[in-house]
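One structure is given here, and the rest of the page talks about it.
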Amino acid sequence: MKTLTLSEKELPFDLDLTFSCGQIFGWKKSGNIWKGVHNGRIITIRQDNRTIRYSGCDKKVLYHFLGLKDNIPEIYQSICTHIAKFTHEKQDLFFLERFLLSKGIRILRQDPWECLFSFICSSNSNVRTIGKRIGLLMENYGTCCSIGENLFPEPLAMGAIDEESLRKCLTGYRAPYLMGTAEYIITHPDFFLKISSLSYPDAKKELMILPGVGPKVADCVLLFGFERMEAVPVDIRIRKIITAQYQDIIPGEKGTKTLSYDTIADFCRSYFGPYAGYAQQYLFATRDVRQELSV
DNA sequence: TTCCAGGACAGAA
DNA sequence: TTCTGTCATGGA
């Protein structure tokens, strides 16, 4: 295995938190080693404090994938500055607590197709089931890499599967979404290049053309696959947190019965600033962490 | 057994 | 534009 030693500016970094916080699926942990697919390669990674040991890719690829160029203290400072501007108060203790529990998380830079495929599979499921579903799809339809090791199914492979077979991999009603999206990607080979070139709102609109991609999945793909840190995926957990903790300070929304998706996402962007995607991930992750810590 | 989960979608109001 | 019912299924 190759070695990468994290410098001071690359801290904090927590491999376990980063891979178990619901932003990536299909990666498995055995002992201290995480193994999974990134950009068409099987990669293994382990962390011992500041030392990252890895195989399957070069340092540049790993560094980019793990988001190690992100300066977390600066990102936190940016978020705090925006919170202070919004509230005219020194600190948001609720957010500070969440940040302290999950500050080792990095927003990964996933391959766009692998990320899109994963989040179409994610709808209305829990993290464990999503992982199982993606594992089955990889096992049955992924490109064989070596004995017992498969990559993600390519769009061409997905397009060739009949719906009934696809449904057997726990995809349920998502099967036609996967097939339709694969078909679109096959017939529009420059699709991801186009997404990269568009502004956040236009990229989101374009992604939502795809079957099985609504506002939530589009935001996940933009955040985890296209480095759009202003993307704020609003799932049931984020909705509950924002409603319980922040609804009263959202202009015009005090007492509103149900906050719309855009109201929540737009609030997060104006409250947390350009790194709202990171802030969202700190909020999303901490419930599980707190349970593990029995807090 | 019931409820919940990193939702999308079509049709109705 | 917003609301509602439906889809499918493993896990708690």
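Protein chains get the first letters and strands the later ones, always in sequence-line order, with residue 1 at the start of each.
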Nearest-Å distance for atom pair NZ/P, residues A/Lys132 and C/dG11 | 4 Å
Considering only heavy side-chain atoms of A/Leu170, the closest of B/dG6, C/dT9, B/dA5 is C/dT9
Under a 4.0 Å heavy-atom cutoff, the residues of residues 260-278 of chain A touching DNA chain C are none
Assign A/Val213 to base, sugar-phosphate, or nothing according to its heavy-atom contacts below 4.0 angstrom with the strands shown.
-> sugar-phosphate
When the ring centroid of A/Phe65 is compared with that of A/Trp27, is the distance short of 6.0 Å?
-> yes
Charged N to carboxylate O under 4.0 angstrom, A/Asp70 versus A/Arg109?
-> yes
Going by modelled atom types, is there a donor-acceptor pair between the base of B/dA5 and the side chain of A/Asp235 at under 3.5 Å?
-> no
Give one of base, sugar-phosphate or nothing for A/Ile238, where a contact means two heavy atoms less than 4.0 Å apart.
-> base
Please determine if a side-chain N or O atom of A/Arg128 lies less than 4.0 Å away from the OP1 or OP2 oxygen of C/dA12.
-> yes
Interatomic distance, A/Phe117 CZ vs B/dG7 P [rounded to whole Å] | 17 Å
Is A/Lys240 near enough to B/dA5 that one of its side-chain N or O atoms lies under 4.0 angstrom from OP1 or OP2?
-> yes
Atom CG of A/Leu222 and atom C1' of B/dG6 are separated, to the nearest Å, by 15 Å
Mind checking the P distance from B/dG6 to C/dC3? Whole angstroms is fine.
-> 24 Å
Between A/Pro211 and A/Ile130, who's closer to the 5' end of DNA chain B by nearest nucleotide?
-> A/Ile130
Rounded interatomic separation in angstrom, taking CZ from A/Phe284 and P from B/dA5 = 10 Å
Between A/Tyr261 (side chain) and A/Pro215 (backbone), is there a donor-acceptor pair under 3.5 Å?
-> yes
Is it true that a side-chain atom of A/Ser55 and a backbone atom of A/Met1 form a donor plus acceptor pair closer than 3.5 Å?
-> no
Any idea which of C/dC7, B/dA8, B/dG6 is nearest the A/Gln280 side chain?
-> B/dG6
A/Phe119 stacking on B/dG6: centroids under 5.5 Å, ring planes under 30°?
-> no
Does the pair A/Lys204/A/Asp219 count as a salt bridge with the N-to-O cut at 4.0 Å?
-> yes
Using only side-chain N and O atoms of A/Arg237, determine if any of them is under 4.0 Å from OP1 or OP2 of B/dG6.
-> yes
Test log, rule salt bridge (charged side-chain N to carboxylate O under 4.0 Å, His left out), inputs A/Asp16 and A/Lys29 | CA-CA 9 Å; A/Asp16 286 344; A/Lys29 191 183 182 191; 3.1 Å; yes
Nearest-Å distance for atom pair CG/P, residues A/Leu259 and C/dC3 = 11 Å
Would you say the side chains of A/Tyr173 and A/Ser123 form a donor-acceptor pair under 3.5 Å?
-> yes
Across the strands shown, which category fits A/Ser125 at heavy-atom distances under 4.0 angstrom: base, sugar-phosphate, nothing?
-> base
What is the distance from CD1 of A/Ile134 to C1' of C/dT9, rounded to the nearest Å?
-> 15 Å
Base, sugar-phosphate alone, or nothing: which one does A/Leu210 contact when heavy atoms must sit under 4.0 Å apart?
-> sugar-phosphate
Rounded to the nearest Å, what distance is computed from the CD1 atom of residue A/Ile236 to the P atom of nucleotide B/dC3?
-> 15 Å
Would you kindly give the CZ-to-P distance between A/Arg174 and B/dC9, to the nearest whole Å?
-> 13 Å
Cut-off 3.5 Å, side chains only: do A/Asp162 and A/Ser165 have a donor facing an acceptor?
-> yes
Winner on side-chain proximity to A/Phe224, out of B/dG6, B/dA5, C/dG10, is B/dG6
Positive for ring pair (Phe, Tyr, Trp, His ring centres under 6.0 Å) with A/Phe272, one of A/Tyr282, A/Phe95, A/Phe99, A/Tyr76 | A/Phe95
Would you indicate, yes or no, if C/dC3 has its OP1 or OP2 atom less than 4.0 angstrom from a side-chain nitrogen or oxygen of A/Lys257?
-> no
Closest to side chain of A/Gln281, choosing from C/dG11, B/dG6, C/dA8 = B/dG6
